[in-house]
Amino acid sequence: MNETILIAVIAILAVFVIASLIIGVTNVSKINSILDYSEDGDLVTNLERYYNSIRDLQKKLNMSQSGAIIDRIASSERKTNESLSKTGIVHFDAFDDVHGKQSFAAAVLNQHNTGFVLTSLYGNNSSNVYIREIKEGKCSIPLLEEEQEAVDTAMSKDIPKSE
């Protein structure tokens, strides 16, 4: 009976030894497969290189996002300079027999002082509307005094340029 117990204990120990060898070989093969990916077999150095490359990619991504934002701002500034954003309006009496300043001249310009002046002349028997093109603050035909005042008012409203 003692021999049977001894054989059973030896068999159990043999199973534990074999299981330990199998687990050890499996772990060693996992470590070796990880080390195979590193050039010099140094896992710590390889992980440091990996994390440094991740940081470099994050920096590049952040810089490209900043570059895209700068491009969008520049595009918006160009569009703003071309948009009709400056106005000047002058109300006046176009004729001696009409009162109440029902006539007007409205200048609408962009940042380069290019746009138009719209003039409405109200009279007792008629009402006429005229539009004149303005390029860089000037018109190819003479303007009424009130139209020129409207253009001058619009040109005085410079939009500050961002730097």
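Atoms considered below: every heavy atom in the structure, side chains included; atoms not considered: hydrogens, waters and symmetry mates.
The minimum heavy-atom distance linking Gly115 with Leu84 is given by the pair CA-CD2, 4.2 Å. Pairing each heavy atom of Gly100 with each of Asp93, the nearest pair is N-OD1, 3.3 Å. Looking at every heavy atom in both residues, Val90 comes nearest to Ala150 through CG2-N, 3.6 Å. When all heavy atoms of Ala105 and Val117 are compared, the pair lying nearest together is CB-CG2, 4.4 Å.
Residues satisfying the side-chain contact (heavy atoms from CB on, under 4.5 Å) test with Arg55, not counting sequence neighbours, are Tyr51, Asn52, Gln58. In this structure, the side-chain contact (heavy atoms from CB on, under 4.5 Å) partners of Asn113, at least two apart in sequence or on a different chain, are Lys86, Leu109, Met155. With sequence neighbours excluded, no residue forms a side chain to side chain donor-acceptor pair (under 3.5 Å) with Glu146. Asn124 is linked by a side-chain contact (heavy atoms from CB on, under 4.5 Å) to Asp97, Val98, counting only residues two or more places apart in sequence or in another chain.
Checked by atom type and distance alone, the side chain of Ser103 pairs as donor or acceptor with a backbone atom of Tyr122 at under 3.5 Å. Looking at Ser75, its side chain never comes within 3.5 Å of a backbone N or O of Asp71 through a donor-acceptor pair.
Between the CG atom in Asn125 and the CZ atom in Phe95 there is a gap of 9.5 Å [rounded to 0.5 Å]. Between Ser76 atom OG and Arg72 atom CZ the span is 7.0 Å, to the nearest 0.5 Å. Here the straight-line distance linking atom CG of Leu118 with atom OG1 of Thr87 works out to 12.5 Å at 0.5 Å rounding.
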Less than 3.5 Å apart, which donor and acceptor atoms pair up between the side chains of residues 126-144 and the rest of the protein, not counting sequence neighbours?
{"from": "Arg132", "atom 1": "NH1", "to": "Glu147", "atom 2": "OE1", "distance (Å)": "2.7"}
{"from": "Arg132", "atom 1": "NH1", "to": "Glu147", "atom 2": "OE2", "distance (Å)": "2.4"}

